Chemist: 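Input: one structure, supplied below.
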Amino acid sequence: MAKELTPRAENYSQWYNDLVVKADLAEQSAVRGCMVIKPYGYSIWEKMQQELDRRFKETGHVNAYFPLLIPKSFLSREAKHVEGFAKECAVVTHYRLKVNDEGNAVVVDPEAKLEEELIVRPTSETIIWNTYKNWIKSWRDLPILCNQWANVMRWEMRTRPFLRTAEFLWQEGHTAHETYEEAEAEAQRMLNVYADFAENVMAVPVVKGVKSETERFAGAVDTYTIEALMQDGKALQSGTSHFLGQNFAKAFGAQFQNRNGELEYVWATSWGVSTRLIGALIMAHSDDNGLVLPPNLAPIQVVIVPIFKGEEQLKQISEKLAPVIAELKQLGISVKYDDADTKKPGWKFAEYELKGVPVRLAMGARDMENGTIEVARRDTLTKETKSLDGIATYIKDLLADIQKNIFQKAVDYRKQNIKTVDTYEEFKQEIEKGGFILAHWDGTAETEAKIKEETKATIRCIPFDSYVDGDKEPGKCMVTGKPSKCRVLFARAY
RNA sequence: CGAGAUGUAGCGCAGUUGGCUAGCGCAUCUGGUUUGGGACCAGAGGGUCGGGGGUUCGAAUCCCUUCAUCUCGACCA
């Protein structure tokens, strides 16, 4: 056994770390907190990008690119914003290196100090609003609907592959609008795009809602979020969309003449999802045998393994399979035919299971004689022997079925792990078991802080939709007994 | 940034009362036999023992120092 995963039950974090490395998604780099995303992991990101980008374009957005480096002064224009990010910014102070006097190392040239230091972007609101203010003079210039695919850097103390790294890849949408209502609707619309993507492409069910003041993005009026539940019972914030009000417009002096000829500050949104989604994908579906990828994101949807003795037999099997491969490709299915004779079939089976390939086909001498093929599905780990006739359409349907099944499993899991509690004592017990908890809260930051302090649980969001009977009805805060409008979603989170 | 642990071949580890040429498993390479769930035999290559300094006739082993990683806290998409 070349590659063994730590079982989830034994050590969930270790399982996750093992999987990331052994499934060839990413590895540790020479730079603290930064990872190398390997080709297999990156191709999952590329598929995510394709699906998201298409949805952004369909909703009228265009892509652009803004600089990596931001003048330090920009960050401090919005008071809350700087407060939120100042502690985790990397700063560029010099623009030149030189060889030291001993001639054996390069050192920073003290002569080359920057007049104004530059910040490696933790997010781009400031540089973008400094730019947008020049683009916007009239209501006729609005809306601006831009997105950028970029890297950002947040100097985190503790990092984990995909879930929290110092540098990560993401997209950030930044839009400018004429009215409060239009911007607010945009923030909601993009949250819905994220939720649709999470559920239909990633097969990860999410709870949509609004963040409490404490958890809100620094500089936003409101932050909307999609929250997913991982297999260890912890929540993962998987995407956020912010209604920024006029905060950044005011900070950067972005005004326009409205339809009444008056000067007004521009209304804004921003929204993003990151490579963290790969972490969500792993922790939502995978098992002790390795990754389980939903067909809609799997870089390889079908792998075909020939089982042969000698070159002559391989040739015969390959000929038999060629039309099947062609037909699958015609149906838009990504296929890998692994006829390498350097690895045994058993090794390949284990390897592709580890990598989460949704469907595996195998053909040996027996199948060839019978005109059959072995079909194995990753999500259920079941095998069946099927006739070669009509196999391609069968596989196409099977992939759709697997996508549906993976999602349903995740929905069922969430259903089993979403509870309501009415007393704080009960809450303390339940939170130890993990999962989502719907409970009443008095709406104050003090109570929220007390709960976090005592239980490590945070308010993930105030959900938009109802998940259990009566969760939208008023009640009494489980801690203080003060009135509460509706139940809010608690969990321990990543 | 606080507490603890660990650094020996690509990976996982043994060796640490100071003493021969630093070892084992996996991986790698060569040749052969194999191929329906992580094959077998034979041979081979691969090491600044995390870095620096010290003690000593002699250091992976003892001392000092430094760096890195992991776990747990504080902080966070």
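Being a predicted model, the structure only gives us computed values, none of them experimental. Naming convention: chains lettered A, B, ... in sequence-line order (proteins, then strands); numbering from 1 in each chain.
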Chemist: Want to settle it: does A:Asp367 or A:Thr275 sit nearer the 5' end of RNA chain B, counting the closest nucleotide to each?
Modeler: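 On the 5' side of the pair lies A:Asp367.
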Chemist: In whole Å, I'd like the distance from the CG atom of A:Asp18 to the C1' atom of B:G12.
Modeler: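 Spelled out: CG on A:Asp18 to C1' on B:G12 is 12 Å.
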Chemist: Checking A:His61 against A:Glu186: is there a side-chain donor and acceptor pair closer than 3.5 Å?
Modeler: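 There is such a pair between these side chains.
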Chemist: Expressed as a whole number of Å, how far does the C1' atom of B:C26 sit from that of B:C40?
Modeler: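 To the nearest whole Å, 16 Å.
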Chemist: Look at the side chain of A:Ala350 and decide which nucleotide, out of B:U35, B:G37, B:C75, has an atom nearest to it.
Modeler: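 My answer, after comparing the listed nucleotides, is B:G37.
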Chemist: Determine the interatomic distance between P on B:A60 and the same-named atom on B:U16; round to the nearest Å.
Modeler: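 B:A60 and B:U16 have their P atoms separated by 14 Å.
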Chemist: Any strand is fair game: report the nucleotide pairing with B:U6 by Watson-Crick or G-U wobble, both distances under 3.5 Å, or none.
Modeler: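 B:A68 is the nucleotide pairing with B:U6.
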Chemist: Expressed as a whole number of Å, how far does the C1' atom of B:A68 sit from that of B:C24?
Modeler: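 Approximately 26 Å lies between the C1' atom of B:A68 and that of B:C24.
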Chemist: Within this structure, what is the NZ-to-P distance between A:Lys344 and B:C40, rounded to whole angstrom?
Modeler: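 Going from NZ in A:Lys344 over to P in B:C40 covers 8 Å.
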Chemist: Please pick, from B:G36, B:U28, B:C75, the nucleotide with the shortest atom-to-atom distance to any side-chain atom of A:Glu156.
Modeler: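 Closest nucleotide among those given: B:C75.
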Chemist: Give none if B:U56 has no partner; otherwise give the nucleotide forming a Watson-Crick or G-U wobble pair with it, both distances under 3.5 Å.
Modeler: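 When the pairing criteria are applied, nothing turns out to pair with B:U56, so the answer is none.
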Chemist: Could you work out the separation of B:A74 and B:G15 based on their C1' atoms and round it to a whole Å?
Modeler: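 Result for the C1' pair: 39 Å, nearest Å.
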Chemist: Take atom NZ of A:Lys348 and atom C1' of B:A39, then tell me their distance rounded to the nearest Å.
Modeler: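 It is 13 Å, rounded to the nearest whole Å.
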Chemist: Taking a pair as Watson-Crick or G-U wobble with both distances under 3.5 Å, which nucleotide is matched to B:U17?
Modeler: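 Across any shown strand, B:U17 pairs with none.
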Chemist: Using the C1' atom in both, what is the distance from B:G18 to B:G54, to the nearest Å?
Modeler: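 My reading of the C1' atoms in B:G18 and B:G54 gives 15 Å.
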Chemist: Would you check, one step at a time, whether the test side-chain contact (heavy atoms from CB on, under 4.5 Å) holds for A:Lys383 with A:Arg360?
Modeler: CA-CA 9 Å; A:Lys383 292 193 280 199; A:Arg360 183 187 72 235; 3.9 Å; yes
Chemist: Distance check, rounded to the nearest 0.5 Å: A:Leu388 atom CG versus A:Ile373 atom CD1?
Modeler: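 With rounding to 0.5 Å, CG (A:Leu388) is 5.5 Å from CD1 (A:Ile373).
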Chemist: For the pair A:Lys211 and A:Glu227, find out whether any cationic side-chain nitrogen is under 4.0 Å from an anionic carboxylate oxygen.
Modeler: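 Between A:Glu227 and A:Lys211 there is a salt bridge, with a charged N closer than 4.0 Å to a carboxylate O.
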Chemist: Please determine if a side-chain N or O atom of A:Lys383 lies less than 4.0 Å away from the OP1 or OP2 oxygen of B:G36.
Modeler: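 No, outside the criterion.
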Chemist: I want to verify a distance call: between B:G36, B:G38, B:A74, whose nearest atom is closest to the A:Glu351 side chain?
Modeler: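 Among the listed nucleotides, the one closest to the side chain of A:Glu351 is B:G38.
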Chemist: Could you tell me the separation between the CZ atom of A:Phe308 and the C1' atom of B:U33, rounded to a whole number of Å?
Modeler: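 Whole-Å distance recorded here is 15 Å.
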Chemist: Measure from CG on A:Asp341 to C1' on B:G36 and round the result to the nearest Å.
Modeler: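 Checked: the CG to C1' distance equals 17 Å.
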Chemist: Look through every strand shown and name the nucleotide pairing with B:C11 as Watson-Crick or G-U wobble, where both distances are under 3.5 Å.
Modeler: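 Partner of B:C11: B:G25.
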Chemist: Decide whether a cation-pi geometry holds between A:Lys234 and A:Tyr494; the criteria are a distance under 6.0 Å from NZ or CZ to the six-membered ring centre and an angle within 45° of the ring axis.
Modeler: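 Yes, A:Lys234 lies over the aromatic ring of A:Tyr494.
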Chemist: With P as the reference atom in both, quote the distance from B:U17 to B:U6 in angstrom, rounded to an integer.
Modeler: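 Those two atoms are separated by 16 Å.
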Chemist: Atom CZ of A:Arg160 and atom C1' of B:G73: how far apart are they, to the nearest Å?
Modeler: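 For the pair A:Arg160 CZ and B:G73 C1', the rounded distance is 16 Å.
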Chemist: Indicate, with a heavy-atom threshold strictly under 4.0 Å, whether A:Arg360 touches base, sugar-phosphate, or nothing.
Modeler: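 Since a base atom lies under 4.0 Å of A:Arg360, the category is base.
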Chemist: Taking the side chain of A:Asn17 as its heavy atoms from C-beta onward, which of B:G37, B:G36, B:U71 lies nearest to it?
Modeler: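 Nearest listed nucleotide: B:U71.
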Chemist: Just compare B:U35, B:C72, B:G36 and give me whichever is closest to any side-chain atom of A:Arg366.
Modeler: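 Closest nucleotide to the A:Arg366 side chain: B:G36.
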Chemist: Across all strands shown, which nucleotide pairs with B:U48 by Watson-Crick or G-U wobble geometry, both distances under 3.5 Å?
Modeler: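 By the stated definition (distances under 3.5 Å), nothing pairs with B:U48.
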Chemist: In whole Å, measure the gap between the P atoms of B:U21 and B:A59 for me.
Modeler: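 So the two P atoms sit 12 Å from each other.
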Chemist: Look at the side chain of A:Lys456 against the base of B:G73 and say whether a donor-acceptor pair falls under 3.5 Å; ignore hydrogens and angles.
Modeler: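 Looking at the base of B:G73, it does not pair with any donor or acceptor on the side chain of A:Lys456 (distance under 3.5 Å).
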Chemist: More 5' along RNA chain B: A:Phe168 or A:Thr159, using each one's nearest nucleotide?
Modeler: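 Its nearest nucleotide being more 5', the pick is A:Thr159.
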Chemist: For B:A39, which nucleotide is its Watson-Crick or G-U wobble mate, given both distances must be under 3.5 Å?
Modeler: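 Base partner found: B:U33.
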Chemist: A:Trp15 has an atom CH2; how far is it from atom C1' of B:U71, in whole Å?
Modeler: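 That distance rounds to 19 Å.
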Chemist: Of the candidate nucleotides B:C70, B:G38, B:G37, which contains the atom at the shortest distance from the side chain of A:Phe349?
Modeler: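 The listed nucleotide nearest to A:Phe349's side chain is B:G37.
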Chemist: Can you tell me the pairing partner of B:C1 across any strand shown, Watson-Crick or G-U wobble, with both distances under 3.5 angstrom?
Modeler: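 Checking every strand shown, B:C1 finds its partner in B:G73, with both distances under 3.5 Å.
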Chemist: Would you measure the distance from the P atom in B:G4 across to the matching atom in B:U66 and give it in whole Å?
Modeler: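 Here B:G4 and B:U66 have their P atoms 16 Å from each other.
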Chemist: When all nucleic acid strands are considered with a 4.0 Å heavy-atom cut-off, which category describes A:Leu236: base, sugar-phosphate, or nothing?
Modeler: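 Touches nothing.
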Chemist: For the pair made of CG in A:Leu5 and P in B:G38, what is the distance, rounded to whole Å?
Modeler: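 Going from CG in A:Leu5 over to P in B:G38 covers 17 Å.
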Chemist: Cation-pi between A:Lys343 and A:Trp347: NZ/CZ under 6.0 Å from ring centre and within 45° of the ring axis?
Modeler: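 Pair A:Lys343/A:Trp347 counts as cation-pi.
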Chemist: Cation-pi check, A:Arg154 to A:Trp170: give yes when NZ or CZ is under 6.0 Å from the six-membered ring centre and within 45° of the ring axis, no otherwise.
Modeler: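 Relative to the ring axis of A:Trp170, which defines the angle, A:Arg154 lies inside both limits.
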Chemist: State whether A:Arg158 places a side-chain N or O below 4.0 Å from either non-bridging phosphate oxygen (OP1 or OP2) of B:C72.
Modeler: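 So the side chain of A:Arg158 is within the cut-off, an N or O lying under 4.0 Å from OP1 or OP2 of B:C72.
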Chemist: Does a nitrogen or oxygen in the side chain of A:Arg32 sit under 4.0 Å from OP1 or OP2 of B:A68?
Modeler: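 For B:A68, neither OP1 nor OP2 has a side-chain N or O of A:Arg32 closer than 4.0 Å.
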Chemist: Please confirm whether A:Lys355 makes a cation-pi placement over A:Tyr40, using NZ or CZ under 6.0 Å from the six-membered ring centre and within 45° of the ring normal.
Modeler: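 Ring-cation test returns yes.
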